[in-house]
Amino acid sequence: MATPKAATAPMKVAQVTKPGGDFQIVEREIPTPVAGEVRIKVQACGICHSDVLTKEGAWPGIQYPRVPGHEVAGIVDDVGAGVSEWKKGQRVGVGWHGGHDGTCLSCRRGDFRNCQNLKIPGISYDGGYQQYMVAPANALVAIPDSLNDVDAAPLLCAGITTYNALRHSGALPGDLVAVQGIGGLGHLGIQLANKFGYKVAAVGRGSENAALAKKLGATVYIDSKSTNAAEELRKLGGAQVILATAPSSKAMSELIDGLGPNGKLMVIGATFDPIEVTPIQLISGSRTIQGWAAGTPADSEDTLRFAELSGVRPMIETFPLEKAAEGYERMISGNAQFRVVLTM
Ligand SMILES: [Zn+2]
Ligand SMILES: [Zn+2]
């Protein structure tokens, strides 16, 4: 009697069938990679706030049912035709950058991060809330041996976003850098800013995270509930960079006056609400506001290597894949300490 091939065996998947729908745990056939693709046996997948785009259908053009997840760590399980750079058994990840076309004007300029046809796992195709996933080979990130899967996964979105935003912010060693929000992004931002040699001011609402912020590497903690945080930053000379991580446009707007001369508000906390700023606020002190989205797989590898070198790690809570709904609720509640990671 013929035994079924591994490639056609069922696997568990956490999918959303419509915008606003609940998570369903279902069985599917294990997908087969086509030319240029790699199949990954998923070991861990972080739950990111941006998964709300898939869950609630806030991103245009999502086809349902869809499996969310763009913080994937796993092992190469099979490679499609024409893939020579990745081998079966290799530890890899996939982050927000889920593949570029290599042919659009941005790609031809080498700006793969801004590919006009950028694919995002969990949005453009099924992501990491499943036991096996297929991704384009040019989306893959090599994971160093010293990083375990559950730590590597959040570094592929939360980690790279904070790391890349900070390293491109223009702040120099010794500069005052404020990190707004002590959550999934912010707790990494504080650690990274400290390791980059900045004077770090952590800005949070309430005093409960003060001790933790200092433990993570903040020099100063500013409670934006009980003080005027912008004024506190000005007392320290004004921030060269404010890394805005908490998805609150109001909180970001309130901090702009805390920027020093030539200071920059670097926005990575994603919301749809407008940031409010007057031209006078920008003109006086020549301040700028800039957004930053993740980065390329090569940037992700830089992030992982820096984490390996510096000891920066995410603080995580793990949930099994079967409890994806619970894990997602935990992330949405804002009470997770600090990244939720699904294990397969
Ligand atoms: Zn993300
Ligand atoms: Zn492109």
Side-chain angles (χ1 to χ4, degrees), residues 46 144 146-148 150-227 229-230 232-246 251-252 255 258-260 263-269 292 294-295 299-300 302-317 334 336-339 341:
S146 68
L147 284 178
N148 64 40
V150 288
D151 283 344
L155 291 173
L156 296 171
C157 179
I160 183 192
T161 303
T162 44
Y163 174 81
N164 231 7
L166 277 175
R167 73 170 172 171
H168 289 103
S169 70
L172 296 173
D175 281 348
L176 178 66
V177 169
V179 178
Q180 172 257 356
I182 296 132
L185 293 168
H187 88 289
L188 287 166
I190 293 169
Q191 295 180 64
L192 289 165
N194 171 276
K195 297 292 183 187
F196 283 10
Y198 306 142
K199 179 176 176 179
V200 186
V203 181
R205 288 194 76 72
S207 57
E208 58 271 21
N209 280 327
L212 175 67
K214 292 210 172 148
K215 206 177 127 201
L216 293 173
T219 313
V220 196
Y221 181 80
I222 298 172
D223 176 358
S224 62
K225 205 149 119 189
S226 65
T227 61
E232 295 304 310
L233 287 174
R234 278 205 307 278
K235 279 185 204 162
L236 296 168
Q240 184 59 44
V241 167
I242 298 173
L243 184 70
T245 75
M252 294 179 195
L255 279 181
L259 289 170
K264 180 184 283 184
L265 180 73
M266 195 60 138
V267 179
I268 57 173
W292 193 274
D299 292 327
S300 279
D302 291 344
T303 307
L304 296 182
R305 273 194 294 268
F306 189 79
E308 189 180 34
L309 179 75
S310 64
V312 169
R313 295 288 185 280
M315 292 168 69
I316 57 165
E317 297 178 3
Q337 304 280 321
F338 283 95
R339 296 299 281 193
V341 180

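Worth saying up front: this structure is predicted, and the values here are computed from it rather than measured. Basis for what follows: all heavy atoms, side chains included, without hydrogens, waters or symmetry-related copies.
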Heavy-atom check, side chain of Leu155 versus side chain of Leu147, under 4.5 Å
yes

State, yes or no, whether a side-chain contact exists between Asp302 and Arg167 at a heavy-atom distance under 4.5 Å.
yes

Side-chain (Ser224) to main-chain (Gly204) donor-acceptor, under 3.5 angstrom
yes

Flag the pair Phe306 / Lys195 as yes when at least one side-chain heavy-atom distance between them is below 4.5 Å, and no otherwise.
yes

Looking at Asn209 and Leu212, would you say the former's side chain and the latter's main chain have a donor-acceptor pair under 3.5 Å?
no

Partner of Phe338 under side-chain contact (heavy atoms from CB on, under 4.5 Å), picked from Ile182, Leu185, Ile316, is Ile182

Where do Ala152 and Leu304 come nearest, in terms of heavy atoms and distance?
O-CD2, 4.2 Å

Say whether, by atom type as modelled, one donor and one acceptor occur between the side chain of Arg234 and the main chain of Leu259 under 3.5 angstrom.
no

I need the minimum non-hydrogen distance between Ile190 and Ala218, along with the two atoms involved.
CG2-N, 3.6 Å

Kindly give the heavy-atom pair with the smallest separation between Gly295 and Asn164, and that separation in Å.
CA-ND2, 3.6 Å

What distance do Ile222 atom CD1 and Leu255 atom CG have between them, rounded to the nearest 0.5 Å?
8.5 Å

May I ask you to test the Tyr198-Thr219 pair for a side-chain heavy-atom distance under 4.5 Å?
no

Please name the pair of heavy atoms, one in Asp223 and one in Gly206, separated by the smallest distance, quoted to 0.1 Å.
OD1-N, 2.8 Å

Looking only at non-hydrogen atoms, find the nearest pair between Ile160 and Ser300 and report the distance.
CD1-OG, 3.3 Å

Just by modelled atom types, is the Val177 backbone N or O under 3.5 Å from a matching donor or acceptor in the Asp175 side chain?
no

Using a 3.5 Å distance criterion without hydrogens, assess whether the side chain of Thr162 forms a donor-acceptor pair with backbone atoms of Gly159.
yes

Can you check whether Ala246's main-chain N or O pairs, donor with acceptor, with Gln180's side chain at less than 3.5 Å?
yes

Is any side-chain heavy atom of Glu317 closer than 4.5 Å to one of Gln337?
yes

Tell me whether His187 contacts the main-chain N or O of Pro314 through its side chain, where contact means a donor paired with an acceptor under 3.5 Å.
no

Looking at CD1 of Ile242 and OG1 of Thr245, how far apart are the two atoms once the value is rounded to the nearest 0.5 Å?
12.0 Å

Are any non-hydrogen side-chain atoms of Val200 and Val220 less than 4.5 angstrom apart?
no

Would you compute the distance between atom CD of Gln240 and atom CE of Met266 and round it to the nearest 0.5 angstrom?
11.5 Å

Quick one: does any side-chain atom of His168 pair with a main-chain N or O of Ala165 as donor and acceptor, under 3.5 Å?
no

Is Glu308 salt-bridged to Arg305, going by a charged N under 4.0 Å from an acidic O?
no

Measuring only between side-chain heavy atoms, which start at C-beta, is Val267 closer than 4.5 Å to Trp292?
no

Nearest heavy-atom approach of Val341 to Pro154 is CG2-CG, 3.6 Å

If you measure from CG on Asn194 to CG on Leu216, what distance do you get to the nearest 0.5 Å?
9.0 Å

State, yes or no, whether a side-chain contact exists between Lys199 and Leu176 at a heavy-atom distance under 4.5 Å.
yes

